[in-house]
Enquirer: 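Just passing along the structure, written as structure tokens.
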Amino acid sequence: FPTRRSSDLDRVIIASALAHIKITGELDPQLYKLALRAIARLSKLTELGLPVRLTSDTLRAITEDLSRYDREVIRAKQA
């Protein structure tokens, strides 16, 4: 069963991805995937009613931001 420590690590992964975009204007594809997995884990914990210090709305907004970045920047560079 996930511990508080694992949800803390997930929040660090998400924060790192968002900070990386903000600071460098880029996001490593592997960090992007890790952030999406972290969001999925935190969303599941939220659904179970466990505290993760992020609301479902916040997790949804972060997912949308990362997905938008993926569509607009990562895929444009690949084209």
Side-chain angles (χ1 to χ4, degrees):
F1 201 80
T3 64
R4 179 178 169 195
R5 184 177 214 144
S6 65
S7 67
D8 288 344
L9 292 173
D10 283 335
R11 286 195 318 277
V12 168
I13 292 169
I14 295 165
S16 296
L18 294 173
H20 197 263
I21 293 169
K22 183 77 171 174
I23 293 167
T24 68
E26 297 182 0
L27 179 59
D28 180 85
Q30 291 179 346
L31 182 54
Y32 171 72
K33 290 176 186 176
L34 286 173
L36 292 181
R37 289 183 191 144
I39 292 167
R41 284 190 295 270
L42 291 177
S43 294
K44 291 287 184 191
L45 292 174
T46 300
E47 289 173 13
L48 294 171
L50 298 170
V52 296
R53 299 184 191 167
L54 292 170
T55 65
S56 296
D57 290 339
T58 301
L59 291 170
R60 193 174 310 110
I62 293 169
T63 302
E64 290 170 9
D65 288 345
L66 290 174
S67 296
R68 185 178 326 105
Y69 180 84
D70 178 53
R71 284 191 311 274
E72 296 174 3
V73 177
I74 295 175
R75 293 183 190 186
K77 286 183 179 182
Q78 293 172 347

Enquirer: Please list all pairs meeting side chain to side chain donor-acceptor pair (under 3.5 Å) that have one or both residues in residues 41-51, counting only residues at least two apart or in different chains.
Expert: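 Only Asp10-Arg41 qualify under side chain to side chain donor-acceptor pair (under 3.5 Å).
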Enquirer: So how far is it from Ile13 CD1 to Leu18 CG, rounded to the nearest 0.5 Å?
Expert: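 Atom-to-atom, Ile13:CD1 and Leu18:CG are 12.0 Å apart.
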Enquirer: From Leu9 CG over to Leu42 CG, what is the distance, rounded to the nearest 0.5 angstrom?
Expert: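 If I round to the nearest 0.5 Å, the distance is 10.0 Å.
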Enquirer: Can you list every pair that meets side chain to side chain donor-acceptor pair (under 3.5 Å) and has a residue in residues 56-65, with sequence neighbours left out?
Expert: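 Applying side chain to side chain donor-acceptor pair (under 3.5 Å) to every pair that reaches into residues 56-65, excluding sequence neighbours, yields Thr55-Thr58, Asp57-Arg60, Asp65-Arg68.
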Enquirer: Would you name the heavy atoms of Leu31 and His20 that are closest together and state the gap between them?
Expert: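 Heavy atoms of Leu31 and His20 come nearest at CD2-CB, 4.2 Å.
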Enquirer: Among the clusters formed by ILVMFWY side chains lying less than 4.5 Å apart, do Ile39 and Leu48 turn up in the same one?
Expert: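 Yes, same cluster.
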Enquirer: What are the two closest heavy atoms between Ser7 and Val52, and how far apart are they?
Expert: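 So the minimum-distance heavy-atom pair works out to CB-CG1, 4.4 Å.
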Enquirer: Do the side chain of Tyr69 and the main chain of Ile21 share a donor and acceptor less than 3.5 angstrom apart?
Expert: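 No.
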Enquirer: Could you tell me which non-hydrogen atom of Tyr32 sits nearest to which non-hydrogen atom of Leu66, and how far apart they are?
Expert: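 Looking at all heavy atoms of both residues, the shortest contact is CE1-O, 3.3 Å.
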Enquirer: Would you say Leu50 and Leu59 are hydrophobically clustered, going by side-chain heavy atoms of ILVMFWY under 4.5 Å?
Expert: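 Yes, same cluster.
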